[in-house]
**Student:** 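I'd like to ask some things about the structure below.
Every chain is numbered from 1 and lettered A, B, ... according to where its sequence line falls, protein lines coming before strand lines.
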There are 4 protein chains.
Amino acid sequence: MSAKINVGIIGTGRIGRLHAEHLAFRIPEARVIAVADVQLEEAERCAAELNISTAVRDHRVIMENPDIEAVIICSSTDTHSQLIEEAAGAGKHIFCEKPIDFDLARIDEALEKVKKYGVKLQVGFNRRFDPNFRRTWELIHEGKIGKPHILRITSRDPEPPPVDYIKVSGGIFLDMTIHDFDMARYLIGSEVEEVYTVAGVMVDPAIGRAGDLDTVVVTLKFKNGVVGTIDNSRKAVYGYDQRVEVFGSGGMIGVSNNKPNTVRLSTSDSIKEDLPFFFFMERYIDSYIAEMKEFIRCVAEDESPSVTGNDGRLAVVIGKAASLSYAENRPVKLFEIL
Amino acid sequence: MSAKINVGIIGTGRIGRLHAEHLAFRIPEARVIAVADVQLEEAERCAAELNISTAVRDHRVIMENPDIEAVIICSSTDTHSQLIEEAAGAGKHIFCEKPIDFDLARIDEALEKVKKYGVKLQVGFNRRFDPNFRRTWELIHEGKIGKPHILRITSRDPEPPPVDYIKVSGGIFLDMTIHDFDMARYLIGSEVEEVYTVAGVMVDPAIGRAGDLDTVVVTLKFKNGVVGTIDNSRKAVYGYDQRVEVFGSGGMIGVSNNKPNTVRLSTSDSIKEDLPFFFFMERYIDSYIAEMKEFIRCVAEDESPSVTGNDGRLAVVIGKAASLSYAENRPVKLFEIL
Amino acid sequence: MSAKINVGIIGTGRIGRLHAEHLAFRIPEARVIAVADVQLEEAERCAAELNISTAVRDHRVIMENPDIEAVIICSSTDTHSQLIEEAAGAGKHIFCEKPIDFDLARIDEALEKVKKYGVKLQVGFNRRFDPNFRRTWELIHEGKIGKPHILRITSRDPEPPPVDYIKVSGGIFLDMTIHDFDMARYLIGSEVEEVYTVAGVMVDPAIGRAGDLDTVVVTLKFKNGVVGTIDNSRKAVYGYDQRVEVFGSGGMIGVSNNKPNTVRLSTSDSIKEDLPFFFFMERYIDSYIAEMKEFIRCVAEDESPSVTGNDGRLAVVIGKAASLSYAENRPVKLFEIL
Amino acid sequence: MSAKINVGIIGTGRIGRLHAEHLAFRIPEARVIAVADVQLEEAERCAAELNISTAVRDHRVIMENPDIEAVIICSSTDTHSQLIEEAAGAGKHIFCEKPIDFDLARIDEALEKVKKYGVKLQVGFNRRFDPNFRRTWELIHEGKIGKPHILRITSRDPEPPPVDYIKVSGGIFLDMTIHDFDMARYLIGSEVEEVYTVAGVMVDPAIGRAGDLDTVVVTLKFKNGVVGTIDNSRKAVYGYDQRVEVFGSGGMIGVSNNKPNTVRLSTSDSIKEDLPFFFFMERYIDSYIAEMKEFIRCVAEDESPSVTGNDGRLAVVIGKAASLSYAENRPVKLFEIL
């Protein structure tokens, strides 16, 4: 018989609520039996809507529930490493949203615990599960473009988050570019060795006053010789811009944006198409389902998740190097951070 | 309080199972409380998987259940008009898959019952709810292309159904082109007056031996002067081909196919993209959810469904005219059929 | 030594001027030594600009010049068959703009003379030499789409010609659709057997008052079983619309419009592209050069032109059948015209 | 009366021959009356084919011909600055291929002479005249994307030149990237302040042995705050890759490659398009004509060319900075070079 995996979710904000819904309705192999949120009414509403039996304020109720095999950590970043340690100590498998922590030492401690207690840990780099990027990865690994030479990632948000969020976000490199650092490592299959950053505050001076940047271009050198660039903006007025290009000795792969429809309107003035999907909840919905399916499958079949704690750690390392590069206007090697 | 609409589903084959899943997991305003299928084990499996309490062989259990407000008719076409009449007599609102019947007199009787008992009836022309075609409709109705002049619909399946199915399908015009006839009426907003058909058996001689065609081009004249063409093939080797173009005095709208990813691979040989979605279950999944949401909303809010019994009837009329046109190789006016 | 082919041009209106320029500057194998036009100052201006030594009013000066091996007939349609006969009688090879004549008997007489005197005749179906349509032809003939089943041609002008022109144009089928009839025969490589026309006056009532149509859809049945449609409009506000699609047992070829640039502009409102090339002088410029190169090459190397007098004749036959079909609202077989 | 501008061409290799043909056949306002090449037979062949009266080995024949108003310098780079000085001294207007010189002091001397003698000088950055990039410039200057933030240029050749050429090419930055440096300045309308280069030898080790690079990514910081990247490869197996993207506060402009046809072939395997134009002679033919028209127009109407000697100089400065950046693996400010 195939028993369902019992899951507890910690944090029922936007992303926690999303994972809860997917686990409840789209992944028959899982059963959410408890949700926790420091704002209890959030947890309760989520539980009511999704027919989940238990909603609590204190996440320890989940940690102590012996029926729960796996926890989904969707609380604020400053709680991630602590919750990972608790869950590992309780013998529960862990899915944790990115980033693991802003502090490398705390990440290392948490990963140490995960290792010590032998639980599984998957980090929420959902874009690896997106059909476009997954197909790109496949084509690269089938050798369709030969040996990669140049990588280009464009990743632009439709609008900046509130400045209050930016202040606690860890900065653009750990909040936004971190997804692209992971994508770069995922697609190229080699480690980043050195980064160089140019950047500015072009979208909103308030972001600068909060100590952050809103427009960045990061150049990457990989161990295998590949060179790449990532460009980010906090505000693309035409919507969420999520593209990748990998150029190699045998060809090139280009990924363009996903659109809500394929309609083209030709008038006396121009040919028009509708804008791409507005933001990540619309654009990446399939990848959120796929990453959670993968996590549940790994738990059920006792396999290792493909997005590891080390992946979570290295994206933070690159982010810190990119930040230092900007501060000192020089290329920074990753071993300076490690 | 917003009570859920209790629904019974009759027929749990491929399309019935799909509607059941959507009603169970994607449409919180509905609750499926019973499923029926002449193959009981099908109904039972569906009920088990989707947590539905009742599974029966005899659909009358559903008709007689006073808790059920609405029925979803997904059984074979030859049962549709009878089931509509029973459901209407039982005071239940009705969603019925297309076509209503192959016989116009039977359709008329069924619609008469629907009218008499004052229940709602929505016919399953799901493509009207597809984002591409809905957007096309919107742009036309916003006047973006002025007055329509020419309509072109391309609708090709990736592979023909089994010949055994073809024998009971009612023929390509009532089985396949019927969707395009409805799309034509929906987009142009005027009635078809005359049709002319050229066609052949090009895909598989067995289809011809079964008395059917596999490749057809139907020309349409509308009351408002618009002229249009529909082309169908039972076998497009590159996958499900679902395109529309509307040309008017002020511009043109073109709809291209939906794709599973946006990847383009450039090699020394060519630039390649993956094929479109394979068939209707992949391509039109969103429209199936949307049509069912609309039906449930109409029941809940006591509104009239936008896809009416008359829409279901007229698509059959056009199909019969197209068939007669082919048989006699002449343009056929719809009043010859009506 | 490779002597140049001496050419005379009859008619220096828009299209004659264009051929003259190509022969003078783009086709080193040819030399234009005389131009004639009933409006002498037109001929003189053309000669002056292109460094052509002789400009005359009377085309017989060209016919009688023993140095001239080939004539390019670009005068008004009502003179074509007469000029072909004269040129053939004078032993000159002939390039003639379409249509050869509106009268089939006159076409037959002219072609008879061409045959009798053994001169070459190429008819100006320039679109066969367009890179898009040539590539389509190649792919079909390489078997890339298997056996063709369905053909679709869209051919729409950006604006109608003056009504005074329409009155002498021979009607839309012989003036505009004629190019599409030839394209259909060229791509499918089989003869049209039967046509059916639906049409209307939707662009400008003045066109209707002049006895012509401005919007037509012609259905074609070919001897080899292929079915096809052509749609025309005299006014596509978004510019010259020249597309073709051929669907077959092994795939599909689609041709989209040529654009003046590849720029895409994304704003908060939509994604925009510039319109396609405005009209045939911009869109088909390469094909005009290529057809003339081919004609000169055939003369120089004593080969038969690929676009024959019979091609010119058959396009007229189909046009007459399409016109009759509209008049009588019934499918018309070509043998009714022949 | 509008007299023609008499032109002499120095250097009748590939690019000189191209300009000669354009001036002879496509630009009626010009007349080529002499060509010179150190390989006399090259000059003679060019003259014979294009009907040019004089072909000489010694360019001084052109410099001393008082009938010649303008010279086109297409000889090898090491002769450019000397020829500019001679032509200026002879009072002739100058079109010079890029780069002006590899040595900044020599460029300065040459530009000084141009200034002293008051002749016009246009440098051969033909891509500014390409319809795609010109349209991009227009849209930026019409404010369609607001204030530019990020620039991305991709420029990849289909195959590397012979290693013997590479040895005298001045290196990839002055031979290939120089076009992109100019494009960056042209589109952004601000000066580059600092560059940073990552690069490698990935295409062919022989290029590395010749002391050059074949794959480079250059990051640019502009005075107005814009950040940008240029990526180059000497070998894109899918053909000449010439794209640009400009992202700004109000939108984005993207330029994709030009293609020889618009055909799309769908088979059971994939959807395929033909590769882009192979290389610059096919891709940029229109821009070569347009830049030469502009030069002749400036001479005829006594206007200043839009691509100046200073433009030619600054592209070399940026190239030297990019080279130094690579050598020292650090960002380099342009004033270090100036």
**Student:** Just so I understand: if I count every heavy-atom pair under 4.5 Å between each of A:Ser268, A:Ser256, A:Ala24, A:Gly251 and chain B, which residue has the most?
**Tutor:** A:Ser256
**Student:** With a 4.5 angstrom heavy-atom cut-off, is it the side chain or the backbone of B:Pro131 that approaches chain A, or both, or neither?
**Tutor:** both
**Student:** Tell me, out of A:Leu265, A:Val244, A:Ile271, who's got the most heavy-atom pairs with chain B below 4.5 Å.
**Tutor:** A:Leu265
**Student:** Tell me, out of A:Asn258, A:Asp130, A:Ile145, who's got the most heavy-atom pairs with chain B below 4.5 Å.
**Tutor:** A:Asn258
**Student:** I need the residue from A:Asp269, A:Leu139, A:Asp274 with the largest number of non-hydrogen atom pairs under 4.5 Å to chain B.
**Tutor:** A:Asp274
**Student:** Can you tell me which of A:Asn132, A:Thr267, A:Ile253 forms the most heavy-atom pairs within a distance under 4.5 Å of chain B?
**Tutor:** A:Asn132
**Student:** Any luck finding a side-chain donor-acceptor pair between B:Gln242 and B:Arg127 under 3.5 Å?
**Tutor:** yes
**Student:** Output, in order, the C-alpha distance, side-chain angles, deciding distance and verdict of ring-ring contact (aromatic ring centres under 6.0 Å, His included) for A:Tyr284 and A:Tyr240.
**Tutor:** CA-CA 10 Å; A:Tyr284 281 124; A:Tyr240 202 36; 5.8 Å; yes
**Student:** So, are A:Arg17 and A:Glu21 salt-bridged, with charged N and O less than 4.0 Å apart?
**Tutor:** yes
**Student:** Which residue in the set A:Asn126, A:Asp286, A:Ile296, A:Val307 passes side chain to side chain contact (heavy atoms under 4.5 Å, CB included) when paired with A:Glu291?
**Tutor:** A:Asn126
**Student:** Looking at B:Glu49, B:Glu245, B:Met252, which makes the most heavy-atom pairs under 4.5 Å with chain A?
**Tutor:** B:Met252
**Student:** Do other residues, nucleotides or ligands put more than 12 heavy atoms under 6.0 Å from the CG atom of B:Asn51?
**Tutor:** no
**Student:** In a check of ring pair (Phe, Tyr, Trp, His ring centres under 6.0 Å) between A:Phe295 and each of A:Phe95, A:Phe125, A:Tyr288, which one passes?
**Tutor:** A:Phe95
**Student:** Go through A:Val255, A:Thr136, A:Asn257, A:Val263 and name the one with the most non-hydrogen pairs under 4.5 angstrom from chain B.
**Tutor:** A:Val263
**Student:** Within 45° of the axis and under 6.0 Å from the centre of the six-membered ring of B:Phe129, does NZ or CZ of B:Arg134 qualify?
**Tutor:** yes
**Student:** With a 4.5 angstrom heavy-atom cut-off, is it the side chain or the backbone of A:Arg26 that approaches chain B, or both, or neither?
**Tutor:** side chain
